[in-house]
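Everything below concerns the one structure shown next.
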Amino acid sequence: MAHRKKNRNVGIVGVGQTKYSSHREDVNQPEMIHEAVSLALENAGIGLNDIDCIVHGNMELFEMVFQPDLWHVIGTGAYGKSQYRITTGGTVGATIACAADNLVASGMYDIVMAIGFEKLQEGHTTGGITNMADPLWFRHLQTGALTGTKAYDMIREFGEERANRAAMMYRIIMDKHAGLNPNAHRSFGLEFDQMGDLIKNSPKLVGDLKLIDMCSQSDGACAVIFMSEEKAKQLSMKPVWIRDHVTVHREEIFHLFGYDEKYPITMTHTLAAERLFKRNGIAKPLEYFDVFEMYDPASWWAVDWIRDFFLLKGDEHLRLVENKDIMIDGKMPINPSGGVIGSNPIGATALVRVAEAAMQIRGDAGKHQIPRPVNHALASGFGGTMWTVLMMLEKELNW
Amino acid sequence: MAEYFGVKVEDIFNTMQERFRPEGAQGVDASFGYDITGEGKWKLTVRDEKMTIEQTGDLSGCAVVTVTDGETFVGVNIGKVDGMSAFSSGKFKAEGDLGALGKTAKMFRKFVPLKKEMSIRDYLMDMFGTVASRFKAGAAEGVDVVFAFDLGGEYGGKWSVIIKDKTCRVIDRIEGKPTVKLEFMDAKDYVDFSLGKIDAQSLLAAGRAAVAGEINLALKWAEFFDKYVDPMGSGEKEQELLVLKKTISVEQRYATGPVMGKFLNGLKDKKIIGLKCSGCGKIMLPAVEVCADCRVRASEWVEVGPKGQVRYMEYVYYASPDPLTGETRETPYGMLNILLDGCKGNETFAHLVRRDQIDRIQNGWNEASGTRVRPVWSKNRTGSIHDIEYFEIDE
């Protein structure tokens with residue numbers, strides 16, 4: 001939905017996140033969700049009675065609870081309210097943000113709360129992912145979310161040494177960022193001088209994708225409250241505005257990692273970025289945005305996707321990483337939160353990107369606040385074999 | 001209520017009943033008052049070797065009333081504040097019969113705060129000290145193994161846990177070749193791991209821990225031993241956090257539809273047939289009804305392969321268990337994207353490679369050809385992916 005078609009403006013007024021962890025056996029699912037819901041309401045300074053509608057999302061196959069929105073009413077507070085449930089794989093958190101934006105923009109609801117959650121320790125993540133593949137053929141072949149294709153591509157393009165060091169540099173930067181974020185699941189305290197050692201010694205999963213490169217499996221929930229411009233004015237709130245969002249899906253294919261350059265394959269990240277930037281008149285995204293919260297499931301993909309999302313050429317993306325421009329105090333900070341590699345409660349993960357982007361614009365991200373004014377933020381979601389959601393957030397109504 | 005040294009004033013009073021020693025209260029028939037500034041007043045009554053404690057505003061009739069502040073009261077009770085100096089400095093006052101106050105000391109077991117500091121070393125001693133008592137002999141029928149622990153860092157050390165003949169013993173060294181050896185760079189990580197503060201995956205990923213020997217056995221630790229319970233607890237009587245375990249096994253049956261069905265039927269006859277898009281000419285393998293790019297229904301069937309060249313092999317070191325069967329594929333294994341003869345560009349076909357050949361596979365790129373492979377057909381073909389056992393090098 002292009003922003004020009006929006007019926008009215010919508011902004012984020014509240015964010016709540018649990019601590020992300022692999023050890024949340026102290027609470028059940030609705031209890032954990034309620035932690036995020038309470039925090040978001042407190043953050044917005046409103047009560048549950050003010051919420052008109054709830055959008056609930058996660059992946060049923062991960063916990064094997066069908067229609068968890070029923071059980072979760074206890075924690076979401078959806079009793080007697082409109083509730084929508086959405087599942088779109090890794091993008092689910094981004095999709096519920098888009099849905100919440102659309103629901104408020106439509107005029108149907110003034111205040112909508114999006115809730116993404118996952119308790120990955122309660123089920124079987126790879127089992128869930130494997131069962132997304134078609135059962136007629138690919139379910140028997142695929143390896144969950146693990147693939148060595150991007151490492152292979154990057155090594156082919158930039159050589160083993162440079163590619164490996166760029167991926168590990170990205171990984172260590174994320175670890176450092178996660179160390180600043182009290183909600184992050186994993187921060188090992190990695191240092192840049194460990195790069196060679198980690199490249200050599202971290203166990204390999206698939207091809208050159210190593211254990212250290214891959215995201216965690218986290219428990220956690222995130223809630224974000226969306227409000228109409230009129231309502232925000234009425235309540236004297238200053239929201240972070242949702243300028244636009246774009247979604248690009250494609251069919252599940254496993255040969256999309258093309259090995260014949262004469263036959264280009266549609267990459268959803270690039271397509272989404274091109275569409276979003278074109279219709280918003282952004283010629284130089286790298287200069288325009290002050291922060292990018294990227295859905296980065298593994299360090300190899302992350303480095304490669306910087307090129308896709310910012311529409312870069314050649315090795316520009318590698319240089320951004322190598323020069324540490326993506327660090328919190330760099331030219332183009334990426335994931336000051338520590339990203340998905342730091343915390344990955346899948347159904348919440350892409351919503352966390354939006355939440356963190358909003359926090360950066362508000363300037364209240366605490367220790368992982370970018371030390372420069374943040375006016376324009378980009379957040380991404382990724383799922384399936386290749387789906388993309390991009391959301392643009394703004395400090396001011398500037399369009 | 002405020003906490004002092006991690007303990008509330010009411011914790012002291014609320015635990016009096018369970019700390020009461022009737023033998024220490026012989027011959028006592030009196031009430032004792034406690035006036036804790038800003039916290040409240042309590043009245044302890046002892047008679048016939050029984051006691052009652054109540055929070056009350058009325059301390060009349062008490063043989064002695066202790067007047068102090070919360071910090072001093074808690075401090076004295078848990079041994080953080082020296083009672084004599086508190087008494088001397090006037091922070092701790094007794095109004096009434098001082099002799100009677102002295103009797104209360106014998107009537108109660110010492111208050112032990114649940115939250116006290118334990119060092120890494122204390123934890124290690126407690127963890128390995130309780131291994132034998134946590135051993136589940138019933139689960140160790142016929143098990144003859146040695147778990148060795150090599151924990152580094154300032155507080156580290158070496159331990160071996162030996163299970164044999166349904167008994168378990170622990171020694172503080174590693175002898176010979178253990179069945180499985182767990183190494184933690186820093187003993188603190190092992191403590192955090194055992195307390196559930198950090199997961200093994202994270203430690204292994206960061207290179208802060210390693211497992212040598214029979215790795216699968218390391219995963220079975222929980223079958224042989226009850227979970228270690230942190231003696232620090234959470235400050236209250238620990239409620240056991242229950243986790244309900246379930247295994248789902250579901251019969252599934254999926255209709256193939258006529259297009260995928262035709263493709264699968266082709267496999268029965270050792271033929272690989274794809275569908276060609278009438279728009280872009282792309283061949284789709286396995287066959288699907290519609291070219292997603294062109295949004296055109298495809299109808300032209302073409303037989304391709306069955307030989308071809310490898311474009312890319314996914315070299316898989318780590319296999320997840322199949323959630324439906326519980327089986328784990330042997331690793332390493334290779335998943336292939338094969339450009340079958342008759343296909344072009346990226347019209348690849350996915351299948352597995354013969355396991356003993358994975359290290360000989362070369363990927364192709366653009367004009368460069370990858371390793372030539374051919375399918376190995378199953379004897380009993382039913383129209384499924386398993387009709388091809390795998391692809392092998394075509395030599």
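Proteins get letters first, then strands, A, B, ... in listed order; numbering begins at 1 in each. Quick note: numbers below take in every heavy atom, side chains included, and nothing from hydrogens, waters or symmetry partners.
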Look at atom [atom1] of [X] and say whether more than 12 heavy atoms of other residues, nucleotides or ligands are closer to it than 6.0 Å.
X	atom1	result
B:Met185	CE	no
B:Lys227	NZ	no
A:Lys176	NZ	yes
A:Glu160	CD	no
A:Glu122	CD	yes
B:Arg297	CZ	no
A:Arg165	CZ	no

Which heavy atom of [X] sits nearest to which heavy atom of [Y], and what is that distance?
X	Y	result
A:Phe188	B:Arg208	O-NH1, 3.5 Å
A:Ile212	B:Ala206	CD1-CA, 4.0 Å
A:Gly207	B:Tyr317	O-CE1, 3.4 Å

Exercise for the section: Starting at NE2 of A:His140, measure out to CE of B:Met335 and round the result to the nearest 0.5 Å. Expected result: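 Nearest 0.5 Å value for the NE2-CE distance: 13.5 Å.
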
Contact check, side chains of [X] and [Y], non-hydrogen atoms, under 4.5 Å:
X	Y	answer
A:Val206	B:Tyr318	no
A:Arg139	B:Ile385	no
A:His185	B:Asp199	yes

If you count heavy-atom pairs under 4.5 Å between each of [options] and chain B, which one has the most?
options	value
A:Asn28, A:Leu190, A:Leu141, A:Asp26	A:Leu141
A:Asp208, A:Leu136, A:Asp197, A:Asn201	A:Leu136
A:Arg156, A:Met64, A:Lys262, A:Met214	A:Arg156
A:Pro135, A:Ser202, A:Ser21	A:Pro135

Practice task
Ignoring hydrogens and angles, tell me if any N or O in the side chain of B:Asn346 forms a donor-acceptor pair with the backbone of A:Tyr263 under 3.5 Å.
Solution key: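 Checking the backbone N and O of A:Tyr263 against the side chain of B:Asn346, a donor-acceptor pair under 3.5 Å is found.
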
Problem - Salt bridge present between B:Asp293 and A:Arg250 (N-O < 4.0 angstrom) - result: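 Counted as a salt bridge, because a side-chain N and a carboxylate O are separated by less than 4.0 Å.
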
Can you tell which part of [X] gets under 4.5 Å to a heavy atom of chain A, answering side chain, backbone, both or neither?
X	value
B:His386	side chain
B:Ile198	backbone
B:Ala368	neither
B:Val243	side chain

Practice task
May I ask you to check whether B:Glu314 and A:Thr149 show a side-chain donor-acceptor distance below 3.5 Å?
Solution key: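 No, A:Thr149 and B:Glu314 have no side-chain donor paired with an acceptor closer than 3.5 Å.
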
Problem - Greatest number of heavy atom pairs closer than 4.5 Å to chain A - which of B:Asn363, B:Thr331, B:Val288 - result: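 Winner by heavy-atom pair count: B:Asn363.
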
Problem - Largest heavy-atom contact set with chain A, pairs under 4.5 Å, which of B:Ala292, B:Gly207, B:Pro332, B:Gly196 - result: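 Highest number of pairs under 4.5 Å: B:Gly196.
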
Exercise for the section: Anything under 30° is parallel, anything over 60° is perpendicular, the rest tilted; go ahead and classify B:Tyr312 against A:Tyr152. Expected result: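 Geometry flag for A:Tyr152 against B:Tyr312: tilted rings.
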
Exercise for the section: Can you label the angle between the A:Trp137 ring and the B:Phe349 ring as parallel, tilted or perpendicular, going by 30° and 60°? Expected result: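 Rings of A:Trp137 and B:Phe349: tilted, 30 to 60°.
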
Problem - Residue part contacting chain B, namely of A:Ser22, when any heavy atom lies under 4.5 Å - result: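 A:Ser22 touches chain B through side-chain heavy atoms alone.
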
Practice task
Could you tell me which portion of A:Leu198 (side chain, backbone, both or neither) has an atom closer than 4.5 angstrom to a non-hydrogen atom of chain B?
Solution key: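 The answer is the side chain of A:Leu198.
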
